[in-house]
Amino acid sequence: MTMQARDCLAQFEQARPGLLGLAYRILGSRADAEDAVQDTFLKWQANDRSGIDNPGAWLTTVCTRHCLDILRSADRARVEYVGPWLPEPVQTANDEAFGQASPEHAATLASSLTTAFLLALQRLTPKERAAYLLHEIFDLPYPQVARTLELQEPACRQLVARARAHIEEAKVRHVTPPERQRRLLAAFGTAIATGSVDALAGLLSADVRLSADGGGKVSAARRVMHGPEEVLRFIQSGLHAWWGSERLQETTINGNRGFIQYDGDAIASTVSFAYDEDGLLTDVFIMRNPDKLARIETAPEIA
């Protein structure tokens with residue numbers, strides 16, 4: 001390998017984790033995010049790099065634009081999706097993996113990977129989503145965001161302002177204390193193992209929801225369940241019967257503590273949670289779609 005080729009690869013590898021994190025947040029799919037990053041690498045490799053003053057900005061621009069192209073096709077396909085759609089779950093990095101980020105910025109990165117946050121992003125237009133992430137999460141200045149999205153800066157500021165208002169209304173940017181998460185996981189695990197939901201009942205918000213994504217490929221609830229009574233009944237009569245004798249392994253999924261559920265040695269489901277600002281459970285997210293579980297343990301963590 002020539003010195004030029006080694007430099008090309010080294011520059012890209014330095015940018016790769018950030019590109020993957022950006023692409024995953026835009027797309028909600030690990031597989032699509034990796035495709036976008038690979039396509040960015042191929043364009044980087046084929047491009048005349050002598051005229052590129054800022055490789056990081058160039059790579060971010062190419063990756064973002066490719067993600068927007070992917071979204072146009074993905075949004076059409078999602079119209080035909082069977083049952084609730086949830087983002088592909090990922091095992092997420094611990095605080096050390098955020099490198100030189102300040103504690104505040106590390107918390108921002110972690111909170112922007114939660115399932116609830118990713119679902120809130122899905123309700124934005126593609127360009128609102130990209131502009132918000134680039135400016136609010138990855139701290140890019142407005143002029144660079146505008147160049148990336150091929151917009152005038154005032155229009156870019158309007159996109160971010162609209163997106164920020166929607167995200168703030170959804171109330172998905174707070175961080176739930178670890179001890180609260182541990183208490184919820186213990187109560188949930190007890191409910192699955194024994195069928196007793198007494199401890200869990202006191203941790204639910206009044207409008208708690210349970211969503212399961214089977215993608216039409218495996219059995220899963222075809223509608224979102226609402227309210228403590230319906231959610232607890234499903235956990236007590238359904239999940240206890242199906243999972244009571246199976247292994248639940250605690251792990252970090254999309255920035256919060258959750259579970260991987262095994263059927264023998266095979267991963268059958270993941271479970272992640274969302275909380276309100278008071279630490280009460282607002283959502284149970286169950287991923288059953290085997291296509292979205294294929295690399296939950298083998299793929300590198302996302303930061």
Side-chain angles (χ1 to χ4, degrees), residues 21 24-25 28 84 86-98 101-123 132-133 136-138 163-192 197-213 224-228 231-232 234-235 239 248-261 269-287 296 301-303:
Y24 173 72
R25 287 168 172 86
L86 295 175
E88 181 179 345
V90 293
Q91 290 187 287
T92 43
N94 58 30
D95 292 341
E96 295 177 359
F98 293 114
S102 67
E104 294 79 10
H105 190 49
T108 294
L109 289 172
S111 69
S112 68
L113 281 169
T114 65
T115 306
F117 179 79
L118 295 175
L119 286 172
L121 288 177
Q122 297 296 317
R123 293 189 282 272
Y132 179 87
L133 287 168
E136 297 287 302
I137 305 302
F138 290 92
R164 187 188 299 120
H166 285 299
I167 296 297
E168 289 177 354
E169 183 180 5
K171 298 180 179 178
V172 291
R173 287 295 306 277
H174 56 274
V175 177
T176 304
E179 61 271 15
R180 188 71 179 182
Q181 295 189 43
R182 286 193 293 268
R183 184 180 173 191
L184 182 280
L185 260 65
F188 187 88
T190 296
I192 297 299
V197 296
D198 293 344
L200 185 60
L203 304 178
L204 307 187
S205 69
D207 59 352
V208 65
R209 298 171 296 266
L210 186 148
S211 308
D213 181 340
V224 178
M225 299 178 189
H226 293 269
V231 169
L232 290 173
F234 180 77
I235 292 172
L239 296 185
L248 287 182
Q249 175 184 304
E250 288 191 24
T251 188
T252 302
I253 298 176
N254 289 84
N256 281 332
R257 297 299 292 173
F259 292 105
I260 296 175
Q261 179 256 326
S269 312
T270 62
V271 187
S272 57
F273 305 96
Y275 306 83
D276 64 18
E277 291 170 307
D278 296 322
L280 294 176
L281 185 69
T282 60
D283 286 276
V284 180
F285 303 112
I286 300 176
M287 177 56 67
I296 188 68
E301 295 171 331
I302 285 184

Subject >> For T270, all residues meeting side chain to side chain donor-acceptor pair (under 3.5 Å), sequence neighbours excluded >> reply: none
**OP:** Tell me, please, which residues at least two apart from N254 pass side chain to side chain donor-acceptor pair (under 3.5 Å).
**Re:** Y24
Original post:
F273: what forms a ring pair (Phe, Tyr, Trp, His ring centres under 6.0 Å) with it, not counting sequence neighbours?
Top reply: F188
Original post:
Residues in salt bridge (charged side-chain N to carboxylate O under 4.0 Å, His left out) with R123, at least two apart?
Top reply: none
Subject >> Test side-chain contact (heavy atoms from CB on, under 4.5 Å) applied to S269 - qualifying residues, sequence neighbours left out >> reply: W243, Q261, I286, R288
Original post:
T176 and Q181: side-chain donor and acceptor closer than 3.5 Å?
Top reply: no
Subject >> Test side chain to side chain donor-acceptor pair (under 3.5 Å) applied to T190 - qualifying residues, sequence neighbours left out >> reply: none
**OP:** Mind checking ring pair (Phe, Tyr, Trp, His ring centres under 6.0 Å) for F117 and listing every partner two or more places apart, or none if nothing turns up?
**Re:** none
Subject >> Of all pairs that satisfy side-chain hydrogen bond (donor to acceptor under 3.5 Å, both in side chains), the ones with a partner from residues 198-210, not counting sequence neighbours >> reply: S205-D207, R209-D283
**OP:** Go through the structure and list residues passing side chain to side chain donor-acceptor pair (under 3.5 Å) with T114, not counting sequence neighbours.
**Re:** none
**OP:** Check I253 against T92 and note the closest heavy-atom contact, atom names and distance.
**Re:** C-OG1, 4.0 Å
Original post:
Among all residues two or more places apart in sequence or in another chain, which pass the side-chain contact (heavy atoms from CB on, under 4.5 Å) test with E169?
Top reply: H166
Original post:
With E250, which residues qualify under salt bridge (charged side-chain N to carboxylate O under 4.0 Å, His left out), at least two apart?
Top reply: R257
